[in-house]
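Remarks on the structure that follows.
Note that the coordinates shown come from a computational prediction; the quantities given were computed from them, not determined experimentally. The residues of the chain are indexed from 1 along the displayed sequence. Whatever order the structure lists ligands and atoms in, that order sets their numbers, starting from 1.
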Amino acid sequence: MPSRCWSFSAVQASKIRESEFSGSLEFPSFRICTPLFSKRSPNPQRISFRSGSLPFKDFKRLSIDCKVETSSMDRAAGVSVAESEGYLKVDQIGERASELKNLSDLVPPNLASELVPEALAWASTHGLVMGDKSIENSGKVPGVGLVHAPFCLFPTPFPAEAFEHAIDLAPLFNKLVDEVSKDGNFLQETLERTRKVDPFTNRLLGIHSRVSEEGIKQEVQLGMHRSDYMLDKATDTLFQVELNTISSSFAGLGSQVSNLHGYMIRHVERSTNMDAKQVPENTAADAFAEALALAWQEYKNQSAVVLMVVEPGERNMYDQYWLAIKLYESYGIRTIRKTLSEIYAQAHLSKDGALYIQEELVAVVYYRTGYSPTDYPTDFEWEARLLVEQSSAIKCPSISYHLAGTKKIQQELARPGVLERFLQGKESIEKVRSCFAGLWGLEGEGSTEIINKAIENPDAFVLKPQREGGGNNLYGHDIRDRLLELREKDGGIGLAAYILMQRLFPVPHTSYLVRGGVWSFEETASELGIFGAYLRNAETEILNKAGGYLLRTKVSKSNESGVAAGYGVLDSVYLL
Ligand code: ADP
Ligand code: HGS
């Protein structure tokens with residue numbers, strides 16, 4: 001290409017922003033002069049590209065159509081004007097964006113540090129907050145001891161196709177949970193060996209068989225789930241990490257992070273070409289408030305309330321209040337908050353099984369606790385759980401939905417031919433099965449081989465007990481040690497308390513993490529959660545949809561992503 005100096009009209013020039021290029025062009029004699037720099041100055045100027053992250057060598061092909069607008073000054077500068085007409089169109093932008101791994105690369109650290117106070121202020125003025133564990137009562141009294149929730153300064157690039165796929169899976173998993181929950185024998189049989197070596201699961205199954213014998217008082221089933229996925233780097237496949245059917249958190253704060261990122265992108269869209277529209281609207285809080293309201297309507301008693309069952313000290317109360325406040329503001333439905341021990345002390349059933357907390361009639365019971373043995377420090381909490389289960393209040397989750405979300409059931413559903421018992425349609429079954437990673441039970445003859453594999457190569461696995469809430473899994477050499485110990489003890493019966501899962505290695509990227517008012521630039525990896533809302537009254541399916549999302553980003557070297565457990569931060573997706 002002959003060496004020419006081209007001048008462009010402002011419009012065209014605006015398409016080319018300095019920050020979009022870095023380093024020098026590979027076409028030795030090609031120069032770009034933009035009127036932005038030359039319209040008023042007589043001499044066209046050479047632009048040196050100093051920011052942006054992709055050196056030109058990444059560009060395999062650069063097509064150039066140029067519109068030449070001669071301006072006297074340019075002519076004065078003796079620039080030979082080409083005859084052709086056209087636009088300088090850098091279609092690499094599209095391709096370049098698809099190769100984009102990190103938005104943080106488009107925002108240099110000095111700009112990020114300037115923007116962090118903005119983000120912190122936005123978070124604080126938009127309820128993206130948690131109780132500060134260093135301040136007493138911050139988990140008891142709303143408004144006392146607030147700190148911003150940990151978050152990413154900018155969203156994380158995520159393939160739109162994988163995101164859409166995860167959204168499409170939500171109604172199928174909602175249906176799967178519902179169908180599995182109806183099959184009490186499947187739940188009891190699948191967890192039979194586990195309950196012998198896991199007292200917590202045993203108590204849950206005890207309540208399940210008790211109310212199954214006594215007869216279920218409430219036909220309405222309400223599901224507020226979150227299915228978590230990782231985009232596996234090696235296979236570029238979206239694999240399900242787990243399906244939460246109880247206390248799926250961060251629908252409230254998760255929705256706010258997407259809004260924060262829209263606000264942050266507006267601060268840098270000129271210098272980075274980011275587009276806030278590529279952060280999908282996150283309707284999680286609205287979807288969960290709607291699900292609670294529709295269930296309340298199914299109970300058909302205007303004076304009834306929603307009971308949110310919470311932990312005694314709850315630092316994540318604002319995530320919960322986002323739902324309760326939306327429920328009141330949008331539907332006029334009141335929510336009361338009680339711990340399991342308060343329910344034990346204050347609850348009773350009427351003759352026809354209605355649940356009352358003191359004088360308050362309860363239509364819906366929404367658990368934000370009760371998924372861990374530590375939530376039942378005494379038998380009183382278990383008594384409270386049983387009483388609620390025996391009542392005609394609508395439970396979220398019911399004991400059968402809770403059990404359908406255990407990791408052993410997740411593993412059993414991944415065994416060949418099992419999904420066919422619960423889902424209709426080959427396409428649906430294949431779609432769900434396509435996101436199952438390797439999952440193995442450890443009881444019975446067939447498990448010896450996989451246990452040996454995990455002992456030999458523990459880094460390729462995760463060992464999971466029947467626990468929720470983060471911080472329970474085993475990784476690396478801890479897997480070998482635990483398997484060797486369990487195999488030796490009591491003939492290996494303890495193995496039934498665990499499942500083995502293929503270790504997933506999500507696509508790495510970099511992010512600006514903001515925690516405790518301080519930012520850091522880190523190598524990170526993310527886990528996408530899709531919220532699912534489901535409501536059925538006897539044979540009538542009232543609601544079955546995906547209800548927004550949650551992206552949690554952790555430092556790559558961390559095994560876990562749990563935000564409440566202090567591993568991950570709240571994030572959102574930037575769809576590419
Ligand atoms: P919990 O119910 O305790 O949250 P999870 O199964 O979600 O249990 O595991 C907790 C965390 O452990 C996940 O958020 C993820 O970071 C990590 N993890 C779980 N399973 C895998 C896996 N197969 N590969 C890689 N990381 C995993
Ligand atoms: C609440 N304190 C979960 N729920 O969603 N974990 C994370 O907020 O109500 O921390 O990253 C309770 C589990 C992922 C969120 C915490 C599913 C909770 O931990 C509830 S069981």
key: atom 16 (O) of ligand 1: the protein heavy-atom neighbour that sits closest, reported with distance to 0.1 Å   = S561 OG, 2.6 Å
ask   = When you look at Q466 and T201, which way does the side-chain hydrogen bond (donor to acceptor under 3.5 Å, both in side chains) test go after all the steps?
value = CA-CA 7 Å; Q466 308 309 309; T201 303; 5.6 Å; no
Minimum side-chain heavy-atom gap Y318-Q320 below 4.5 Å = no
query = Side chain, backbone, both or neither: which part of R467 has a heavy atom under 4.0 Å from ligand 1?
reply = backbone
request  = Name the orientation class of the two ring planes belonging to F158 and F163 (parallel below 30°, tilted from 30 to 60°, perpendicular beyond 60°).
outcome  = perpendicular
remark   = Here the gap from S138 atom OG to M317 atom CE, rounded to the nearest 0.5 Å, amounts to 7.0 Å
task = List every atom of ligand 1 that sits less than 4.0 Å from any heavy atom of V241, numbering the atoms from 1 in the order shown and giving each element.
result = 6 (O), 7 (O), 19 (C), 20 (N)
message = Can you tell me if E485 has over 12 outside heavy atoms packed within less than 6.0 Å of its CD?
response = yes
For atom 6 (O) of ligand 1, the option (of R552, E560, E242, K464) bearing the nearest heavy atom = K464
ask   = Looking only at distance, does Y475 have an N or O less than 3.5 Å from an N or O of ligand 1?
value = yes
Rounded distance [0.5 Å steps], CG in L528 versus OG in S561 = 11.5 Å
request  = State whether R415 and E412 are salt-bridged, where the test is any N-O pair (Lys NZ or Arg NE/NH1/NH2 against Asp/Glu carboxylate O) under 4.0 Å.
outcome  = yes
Pair F288 and F531, ring centroids less than 6.0 Å apart = yes
key: Polar contact flag for D228 and ligand 1 (N/O pairs, less than 3.5 Å)   = no
key: Distance-only side-chain donor-acceptor flag, H402 / R385, under 3.5 Å   = yes
remark   = Ranked by distance from atom 13 (C) of ligand 1, the top protein heavy atom is E527 OE1, 3.3 Å
key: Mode of E468 contact toward ligand 1 - side chain, backbone, both, neither (heavy atoms, under 4.0 Å)   = both
request  = Determine whether any heavy atom of G470 lies closer than 4.0 Å to an atom of ligand 1.
outcome  = yes
query = Can you tell me which residue and heavy atom of the protein come closest to atom 21 (C) of ligand 1, and the distance to 0.1 Å?
reply = V462 CG2, 3.8 Å
ask   = What do you reckon, is OH of Y263 surrounded by more than 12 foreign heavy atoms closer than 6.0 Å?
value = yes
request  = Determine whether the side chain, the backbone, both or neither of L504 has a heavy atom under 4.0 Å from any heavy atom of ligand 1.
outcome  = both
key: F461 and Y475 aromatic centres sub-6.0 Å   = no
key: From K554, Q502, R503 - option closest to atom 23 (N) of ligand 1 by heavy atom   = Q502
ask   = Could you state the interatomic distance from NE2 (H126) to CH2 (W322), rounded to the nearest 0.5 Å?
value = 8.0 Å
request  = Looking only at protein heavy atoms, identify the closest one to atom 9 (O) of ligand 1 and say how far it is in Å.
outcome  = N473 ND2, 2.9 Å
ask   = Got a sec, which residues hit side-chain contact (heavy atoms from CB on, under 4.5 Å) with C152, two or more places apart in sequence or on another chain?
value = H261, S511, L513, T553, V569, D571
key: Pairwise distance OG(S248) to CD1(I530) - rounded to 0.5 angstrom   = 12.5 Å
message = Under a plain distance cut-off of 3.5 Å, with no hydrogens placed, do Q410 and K407 share a side-chain donor-acceptor pair?
response = no
ask   = At a 4.0 Å threshold, what atoms of ligand 1 neighbour a non-hydrogen atom of N472?
value = 3 (O)
Using a 3.5 Å cut-off on N/O to N/O, what pairs does ligand 2 make with the protein? A line per pair would be great.
from     : atom 1 : to   : atom 2 : distance (Å)
ligand 2 : 2 (N)  : E314 : OE1    : 2.8
ligand 2 : 2 (N)  : E314 : OE2    : 3.2
ligand 2 : 4 (N)  : S247 : O      : 2.8
ligand 2 : 5 (O)  : R226 : NH1    : 2.7
ligand 2 : 5 (O)  : R226 : NH2    : 3.3
ligand 2 : 5 (O)  : S249 : N      : 3.0
ligand 2 : 5 (O)  : S249 : OG     : 3.0
ligand 2 : 8 (O)  : N316 : ND2    : 2.7
ligand 2 : 8 (O)  : R368 : NH2    : 3.2
ligand 2 : 9 (O)  : Q320 : NE2    : 2.8
ligand 2 : 9 (O)  : R368 : NE     : 2.7
ligand 2 : 9 (O)  : R368 : NH2    : 3.2
ligand 2 : 10 (O) : V563 : N      : 3.1
ligand 2 : 10 (O) : A564 : N      : 2.7
ligand 2 : 11 (O) : R552 : NH1    : 2.7
ligand 2 : 11 (O) : V563 : N      : 2.6

message = Closer than 4.0 Å to some heavy atom of G469 - which atoms of ligand 1 meet that?
response = 1 (P), 2 (O), 3 (O)
query = In terms of residue, atom name and distance, what is the protein heavy atom nearest to atom 26 (N) of ligand 1?
reply = M230 CE, 3.7 Å
query = Heavy atom under 4.0 Å from ligand 1: found in M501's side chain, backbone, both, or neither?
reply = side chain
message = I'd like to check which ligand 1 atoms, numbered from 1 as shown, lie under 4.0 Å from a non-hydrogen atom of K407.
response = 1 (P), 2 (O), 6 (O), 8 (O)
ask   = Counting only heavy atoms, which portion of N559 has something under 4.0 Å from ligand 1: side chain, backbone, both, or neither?
value = backbone
